[in-house]
Amino acid sequence: MRRLTLAALAVATLGGGAPLRAQGTLGPVALGAGIGTGYQARKEFNAVGMHLWVGAETVLDRRVRVRLDLGIHHFGYASPAIAPCPRTSYCSPPLTTALEVGAITGTVVWRDTTGVRRWYWNAGLGAYSALGGRDANSRLGLTAGLGRELGAARDYFIEARVHAPYDGNGYGVFFPVTAGWTFGRFVP
């Protein structure tokens, strides 16, 4: 089920331009990667965690700029020891592992390509899944962010986002900040 949800999200994001003209529908693709830190408010995990990010951004039919990205977010386990289960009852083993969330998001990006403004913002949908056996199902959610391009060639960026997944497994809203580098551009 998780693979089906992730595949459907990718197809819907990049394939959303199906009614566009057959020629010239996909513009140059920019590849990027980054690392950063994030914040979440659940008490059983560390409030601040690390994450890795990779993404690809392009323009559909010279009108809509879209991005497909993957982020792996890690928040350490911080709860006190849990009392053992009494011998007279059955208890499932408690989860005492870190929270690791994989997020595949598809966003629309509003960016000034004339070179005047370096600020940009994005918003879209995501598929979220807790890694490490905590949750085998993907959850849908929303994401939005604000970023700024850096450097003379605009090859670096810093971006703050909010991820609000459907809270079916209790991993809640989290806020990553990413410092990244756009390292590759090609025309498909």
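The ring-ring contact (aromatic ring centres under 6.0 Å, His included) check on Trp119 picks up nothing, with sequence neighbours excluded. When the ring-ring contact (aromatic ring centres under 6.0 Å, His included) test is applied to Tyr120, no partner is found at least two apart in sequence or on another chain. Partners of Arg154 under the side chain to side chain donor-acceptor pair (under 3.5 Å) rule, at least two apart in sequence or in another chain, are Glu149. Every residue two or more places apart in sequence or in another chain that forms a side chain to side chain donor-acceptor pair (under 3.5 Å) with Arg185 is listed here: Asp155. In this view, Leu150 and Arg148, Tyr156, Ile158 satisfy the side chain to side chain contact (heavy atoms under 4.5 Å, CB included) rule, not counting sequence neighbours. Contacts of His74 classified as ring-ring contact (aromatic ring centres under 6.0 Å, His included), with partners at least two apart in sequence or in another chain: none. For Ala179, there are no side chain to side chain contact (heavy atoms under 4.5 Å, CB included) partners two or more places apart in sequence or in a different chain. For Phe186, there are no ring-ring contact (aromatic ring centres under 6.0 Å, His included) partners, not counting sequence neighbours. Under the side chain to side chain contact (heavy atoms under 4.5 Å, CB included) criterion, Leu142 pairs with Leu125, sequence neighbours left out. Partners of Ile35 under the side chain to side chain contact (heavy atoms under 4.5 Å, CB included) rule, at least two apart in sequence or in another chain, are Leu52. Partners of Thr143 according to the side chain to side chain donor-acceptor pair (under 3.5 Å) rule, which considers only residues two or more places apart in sequence or in another chain, are Arg161, His163.
With hydrogens and angles disregarded, no donor-acceptor distance shorter than 3.5 Å links the side chain of Thr37 to the backbone of Met50. For Asn122 (side chain) and Thr107 (main-chain N/O), no donor-acceptor pair under 3.5 Å exists by modelled atom type. Of the possible polar contacts, one joining the Arg118 side chain to the Gly151 backbone as a donor-acceptor pair under 3.5 Å is found. Glu159 places no side-chain N or O within 3.5 Å of a backbone atom of Trp121 that could act as its donor or acceptor partner.
Here OG1 of Thr25 is found 11.0 Å from CZ of Arg62. Values are rounded to the nearest 0.5 Å. For the atom pair Tyr128 OH and Ile104 CD1, the distance stands at 11.0 Å (nearest 0.5 Å).
Between Pro165 and Val173, the closest heavy-atom pair is CD-CA, 4.5 Å. Between Asn46 and Ala78, the shortest heavy-atom contact is OD1-CB, 3.2 Å. Minimum interatomic distance between Phe157 and Trp181 (heavy atoms only, all atoms of both residues): CE2-N, 3.6 Å. Of all non-hydrogen atoms in Gly27 and Pro188, the two that sit nearest each other are O-CD, 3.6 Å. Residues Ala30 and Thr182 share a closest heavy-atom pair of CB-CG2, 4.0 Å.
Evaluation of the salt bridge (Lys or Arg N to Asp or Glu O under 4.0 Å) test over residues 31-40, restricted to residues two or more places apart or in two chains, returns none.
The hydrophobic clustering, which links ILVMFWY residues whose side-chain heavy atoms are closer than 4.5 Å, places Val48 and Leu99 apart. The cluster map of Ile, Leu, Val, Met, Phe, Trp and Tyr, joined by side-chain heavy atoms under 4.5 Å apart, puts Leu31 and Leu68 in different clusters.
Considering only heavy atoms from C-beta on, Gln40 stays 4.5 Å or farther from His73 through its side chain. Within the 4.5 Å cutoff, the side chain of Leu60 has heavy atoms near those of the Leu26 side chain.
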May I have the step-by-step check of side-chain contact (heavy atoms from CB on, under 4.5 Å) for Phe45 and Phe174, ending in yes or no?
-> CA-CA 12 Å; Phe45 305 107; Phe174 55 100; over 6 Å; no
